[in-house]
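Single-structure report; data block below.
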Amino acid sequence: MNTRSRDRVAGKTLSISGKERRMQDVRVRFAPSPTGFLHVGGARTALFNWLFARRHGGAFILRMENTDIERSSGEREDDMLEDLAWLGLDWDEGPRKDGDFGPYRQSERIEIYRQYAEQLLEEEKAYPCFCTPEELERKRKERIEEGRPPRYDGSCRNLTGKERAKRRADGRPESIRFIVTEGEKKRFSDIIRGEVEFPHHMVGDFVILRSNGLPTYNFAAAIDDALMKITHVVRGEEHLSNTLRQLMIYDALGFGWPAFAHIPLILGSDRTKLSKRKGAPNIRDFRERGYPREGIVNYLAFLGWSPPDRDEILSVEELVREFSLERVSESPSIFDVEKLNWVSAQHTRRGGAARYFEEALPYIPGELKDRYRQDELREIFDIVSENMPFFSRLMEETVFFRPGPPGMTGEAVQMLKRREGLFSAFADAFGSCGEWNTECIRGAIKEVGKRCGVKGKELYMPLRAALTGALHGPDLASIVRIRGKKDVIGTLKHAAGEAARM
RNA sequence: GGCCCCUUAGUCUAGUGGUAAGGACGCAUGGUUCUCAGCCAUGAAUCAGGGGUUCGACUCCCCUAGGGGCUACCA
């Protein structure tokens, strides 16, 4: 581990006298390309930005980087916005929430980029390029074959006015390229990685305005971050080397630099970057399976970050209180559903019906909703949510409470054999229960045990099998109580009948 | 090919020259219980490799390997 300048960076931040004020003025942004549902990587980046903003009382800005017309659409933006909102990552400025630095969709800022490109052209920091995609591709291939870096060769850089006019007249595509000055380098200190340095020559003159008039990512992002007064650019590590070009834009345009924090990527179980093709997990899927958002947020926060103390189950408020970029790790992490499930189950257990019943209600089978009162359903929820990472599990987990004779597993059927008398005894004992409560039910079960001379498994298992059709499940007395006297006795009589026929 | 980032158990991580390398998920065993779950206890499992620097390296430096990113008129 590069003990790098995390210290130096932290020390530097702390030693700035205006620190208090600076931190209050924190402005961060999440700038996704609206390509559909929010995946876990984007969600984690958004979360870190949001936590940082909330921690410092700053602003969280949402900006849509939709200059790639092929991949972006309004519908996909809606999907992403919904996922973000569902996670509770509310934005202070952005689409559907106007602020002083809008518009917040790059597609609506085209004129701004065009003007800055114009300015760079006038200052001769950029030039028009008339190369066709085919020419570019050919030159690129040649350079690679020759073992040279595949950078743009700058052939349009020194075109005369006449030459330019000629190419325009020929109707060639015209893009604008930024002039990369040779022999220099950019050095900046990343909050997570420490001092990072890139030589200018690692990129060639790059396109800032495409021939279709739309800006490229690095140009638009730099301008927007500057204009939107972003103080901390917190984004995925895949953008670390893009910082070079953005820094060149900042300098050419006379903008000051923000602070940068490049957070490690989230990888798939094969240790390579998550991708849609490989079915990268997305927030919508988890949401539809009924994961509580606290569980997801909690788990995501711990991917690449950890608080100073041991606690792993934190509420959103606690996360906000504890979060700091200094404690973000620098190595990539792998998304682990097992652990997400554990974290999530912790939240549902702690929250119980009081917190999650409403949210879980849609996943409770209609059959049970018809049969039980609301308070009974809540009880059922509390019983089965001892280990419930997501609520679509309720389908299976609530079968024990379905009224009437259950479907039987093979093992359960064996339990019925020759136990006709036992079931009748249970039916009688439950029938004579005065008050239908757990105490009386337990008493009745014991009484049957005494009368029939059986105990332990021999006593409970047949009852469980007869009632639920399975050999395992929640506490029997609770099942009996909630299902009610009538249902229990009826089901037992049915079981007695079945047993008699075996 | 060039430039850059990363590397502690299967996984998430703590750790900033002297520790028995700590915690969590998962796994295994035992206890509790009618069973499952839960809970409690116990256990197996880690500093990628090699060189330095140092009295002493997981920690600092270099190299190698592996992974990743950028090198696009994708973001």
Task: Proximal nucleotide (of B:A24, B:C4, B:C73) relative to the A:Val207 side chain - done: B:C73

Open item on the list: I'd like to know whether the aromatic ring centres of A:Phe335 and A:Tyr299 sit less than 6.0 Å apart in this structure.
Closed with: yes

Open item on the list: Please tell me if A:Ser241 has a side-chain N or O lying less than 4.0 Å from either OP1 or OP2 of B:C3.
Closed with: no

Open item on the list: By the 4.0 Å heavy-atom rule, please label A:Arg177 as base, sugar-phosphate, or nothing.
Closed with: sugar-phosphate

- [ ] Just call it for A:Arg143: base, sugar-phosphate, or nothing, with non-hydrogen atoms closer than 4.0 Å on any strand.
- [x] nothing

- [ ] Respond yes when some side-chain nitrogen or oxygen of A:Arg327 is under 4.0 Å from OP1 or OP2 of B:U13, and no when none is.
- [x] no

- [ ] Assert yes or no for the condition that the ring centre distance of A:Phe260 to A:Phe188 is strictly below 6.0 Å.
- [x] yes

Open item on the list: Counting the atoms with a prime plus P, OP1 and OP2 as sugar-phosphate, which does A:Gly236 contact under 4.0 Å by heavy atoms, base, sugar-phosphate, or nothing?
Closed with: nothing

Task: Residue-phosphate contact under 4.0 Å: A:Ser333 side-chain N/O, B:U13 OP1/OP2 - done: yes

Open item on the list: Counting the atoms with a prime plus P, OP1 and OP2 as sugar-phosphate, which does A:Glu197 contact under 4.0 Å by heavy atoms, base, sugar-phosphate, or nothing?
Closed with: sugar-phosphate

Open item on the list: Less than 4.0 angstrom between a side-chain N/O of A:Lys457 and OP1 or OP2 of B:U35, yes or no?
Closed with: yes

Task: Separation of atom NE2 in A:His239 from atom P in B:C4, rounded to whole Å - done: 20 Å

Task: Interatomic distance where CG belongs to A:Leu476 and P belongs to B:C34 [whole Å] - done: 10 Å

- [ ] Just call it for A:Asp475: base, sugar-phosphate, or nothing, with non-hydrogen atoms closer than 4.0 Å on any strand.
- [x] base

- [ ] Give A:Cys131 one of three labels, base, sugar-phosphate or nothing, depending on what nucleic acid heavy atoms sit under 4.0 Å from its own.
- [x] base

Open item on the list: Using whole Å, what does the distance between atom P of nucleotide B:C12 and atom CD of A:Glu338 come to?
Closed with: 14 Å

Task: OP1 or OP2 of B:A72 under 4.0 Å from side-chain N/O of A:Arg140 - done: yes

Open item on the list: For a quick check of understanding: with a heavy-atom distance under 4.0 Å over all strands, which category does A:Pro332 fall into, base, sugar-phosphate or nothing?
Closed with: sugar-phosphate

Task: B:C3: pairing nucleotide in any strand, Watson-Crick or G-U under 3.5 angstrom - done: B:G69

TODO: Find the distance A:Glu137:CD to B:C74:P and express it as a whole number of Å.
DONE: 13 Å

Open item on the list: For B:C34, is there a stacking contact with A:Tyr460, counting only centres under 5.5 Å and planes under 30°?
Closed with: yes

Task: Distance in angstrom units between A:Leu265 CG and B:C6 P, rounded - done: 13 Å

Open item on the list: Please pick, from B:U7, B:C34, B:C12, the nucleotide with the shortest atom-to-atom distance to any side-chain atom of A:Ser331.
Closed with: B:U7

- [ ] Counting Watson-Crick and G-U wobble pairs only, both distances under 3.5 Å, name the nucleotide matched with B:C39, or none.
- [x] B:G31

- [ ] State the pairing partner of B:A14; accept Watson-Crick or G-U wobble contacts with both distances under 3.5 Å, and report none otherwise.
- [x] none

Task: Nearest to side-chain heavy atoms of A:Phe198, which nucleotide of B:U35, B:C4, B:G38 - done: B:C4

Task: Residue that, paired with A:His262, satisfies side-chain hydrogen bond (donor to acceptor under 3.5 Å, both in side chains) out of A:Glu237, A:Glu330, A:Arg235 - done: A:Arg235

- [ ] Take A:Arg148 and A:Pro308, find for each the nucleotide of RNA chain B with the closest heavy atom, and name the residue whose nucleotide sits nearer the 5' end.
- [x] A:Arg148

- [ ] Tell me what A:Pro199 touches on the nucleic acid: a base, only sugar-phosphate, or nothing, going by heavy atoms under 4.0 Å.
- [x] sugar-phosphate

